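Reviewing the structure listed below.
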Amino acid sequence: MGQNDKNKMGIQGRHFIFILMAIVVAAPLIFRVGLPLRVTAEVRQVYGFLDRLPPHSAVIFSFDHETSTLPEMVPLAEALLRHCFRKNLKVFGMALLAEGAAVGDDNLRRIGSEYDKKYGEDYLFWGFRPQFTTAILALGERIDHEFPSDYTGQDIRSFPVMEGIENYKDIAAVITVGDGDIPVYWVNYAQARYGVKIIPAVTAVMATTMYPFLQSGQLVGLAAGLKGAAEYEMLIGKPGRAVKGMDAQSGAHIFVIILILVGNTVMIAGRRRKGR
Amino acid sequence: MHRKLPLLICFALGTFMLVQFFVPHKASTALYEAILDWVQIIYAFSLLVGAMMLIKHHAVIASGRDAKERPFSILILMGITVMLVAGLFFGRGEGTVFHWLFQNVQAPMQATMFSLLSFFVASAAYRGFRARNSQAIFLLVAAIIVMLGRIPVGEIISSYIPKAADWILNVPSMAARRGIYIGIALGTIATSLRVILGIERTYLGGK
């Protein structure tokens, strides 16, 4: 077998894996399997904390992610927003990454309308601020100084929802919806310096980064990845796209495990053949 | 002098930010707020410089003769122009051109690029994740347990799988993380002190 033929075989094998992966992900989205879901302690802690907050407590939703992680970030944000709006909490949105601004504004308005919430009265979107370290620190001094106007350019003091909101001491929790390291900065600067309660809603790959802070008691809880979103959807009694997506994720994980096992079996069989 | 002045500014502001944390006086808080404002202003200008450099770089390629690269640079310049004009002159809220382009062009394209990872992970799992030695076997077993433990199927197979996955994340993985974090913190303190005291000067450029 020549080098060219070997390459051809490799490419064909890879394409076969790609096609199988597409089927494994798409099929559960079309034909719902409905696998049972266990709610983890860290997600339950988030739910319990938000559920115990008195009505009209203020929470900040910081959309600290880019659009590449939307399939994980949006279900997480939606589930948490639904809970906050249902509990009649004051919701303030902001973004520490530019792309999060448009996504955050859209999420707030869409989920807010589901619960007949009014912009400026029940929720407000402050907008985007660059240089996240200083932005996080500045909110601890005066919010209206850091965000003099909202995302639409109006004076934030002109909105009734801002009444009595000066800085972190008036904020019950910060929910950071992030796909990178920014939730860690929220812990380092807002929690450590100002004692703000931090709730990270992060991608699955970032979960391990957050566990040390969870164990040290610096986080209220943790909702991570599509699984975290699905668990939260179960807790609020509104299964949505995350619960549906979990079947697809299960399929993908199992497929990857099978590939690892097959790959190793082929390798061991090859070694044995060489040994003979 | 052109090197001493930045070093002096760095020393004064660095020391002030360190001391300010322990001095909650009105004057120090006002100065602290002003510094935070200035950091953001400088950062915003650096974004502008970055955008200008990007435009300049692609304008050179777009006007050049490299037929292979030209279309991509033209596309980037068109994208920047369209989003800038749409955002600056027609607003960013719901129902605007900017919002439509963001939701229906930029977001799906970026999500698609990221989603392609699953295909490469699958391919890499088959070709690269091999139990060649004892360390690799440990890694392989841990990965399989965590992957199974994070999906409902793991619970169906055995209730011990999610528990084992939680243990891996909460004990060995956490221990490694803590070590990394402590190392990062010590490194940050050491580097910050070197910058404040003027020992570390690479940020000034030159040799």
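Chain naming here is simple, since letters A, B, ... match the order of the sequence lines and numbering starts at 1 in each. Small disclaimer: the values here were computed from a predicted structure and weren't measured.
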Side chain, backbone, both or neither: which part of A:Ala230 has a non-hydrogen atom closer than 4.5 Å to chain B? neither

Tell me, out of B:Gly154, B:Ser173, B:Ala122, B:Ala143, who's got the most heavy-atom pairs with chain A below 4.5 Å. B:Ala122

Among residues 175-187 of chain B, which ones touch chain A with a heavy-atom distance under 4.5 Å? B:Arg177, B:Arg178, B:Tyr181

Can you say whether the rings of B:Phe102 and B:Phe98 are parallel (under 30°), tilted (30 to 60°) or perpendicular (over 60°)? parallel

Examine whether an atom of A:Leu261 lies under 4.5 Å from a heavy atom of chain B, and if so say whether it belongs to the side chain, the backbone or both; otherwise answer neither. side chain

Heavy-atom side-chain proximity of B:Arg132 to B:Ile137 below 4.5 angstrom: no

Please state whether the side chain, the backbone, both or neither of A:Glu146 comes within less than 4.5 Å of a heavy atom of chain B. side chain

Whatever's closer than 4.5 Å to a heavy atom in chain B on A:Pro71 counts as side chain

Given that the side chain runs from C-beta out, which part of A:Phe125 has a heavy atom under 4.5 Å from chain B: side chain, backbone, both or neither? neither

Heavy-atom distances under 4.5 Å only: say whether A:Phe132 touches chain B with side chain, backbone, both or neither. neither

Does A:Ile17 reach the side chain of A:Phe255, with side-chain heavy atoms less than 4.5 Å apart? yes

Go through the atoms of A:Val103 and report whether side chain, backbone, both or neither lie under 4.5 Å from a heavy atom of chain B. both

Does the side chain of A:Val177 come within less than 4.5 Å of A:His65's, by heavy atoms? yes

Would you say B:Phe72 has more than 12 foreign heavy atoms packed within less than 6.0 Å of its CZ? no

Portion of B:Arg127 that has a non-hydrogen atom of chain A nearer than 4.5 angstrom: side chain

Looking only at side chains, do B:Thr29 and A:Glu141 share a donor and an acceptor under 3.5 Å apart? no

Name the region of A:Leu70, side chain, backbone, both or neither, that has any atom closer than 4.5 Å to a heavy atom of chain B. side chain

Toward chain B, the part of A:Leu259 with a non-hydrogen atom under 4.5 Å: both

Whether A:Tyr123 and A:Tyr119 hold their rings parallel, tilted or perpendicular, with breakpoints at 30° and 60°: perpendicular

So, for A:Val202 and A:Met73, which heavy atoms are closest and what is the spacing to 0.1 Å? C-CE, 3.6 Å

Which answer fits A:Ala102, side chain, backbone, both or neither, if we ask what part of it has an atom under 4.5 Å from a heavy atom of chain B? both

Sort A:Thr133 into side chain, backbone, both or neither according to what part of it lies under 4.5 angstrom from a heavy atom of chain B. neither

Most contact-rich option vs chain B, by heavy-atom pairs under 4.5 angstrom, among A:Val256, A:Val25, A:Asn188, A:Thr209, is A:Thr209

A:Ala135 versus chain B, the contacting section by heavy-atom distance below 4.5 Å: both

Pair B:His99, A:Asp105: side-chain N/O donor-acceptor within cut-off below 3.5 Å: no

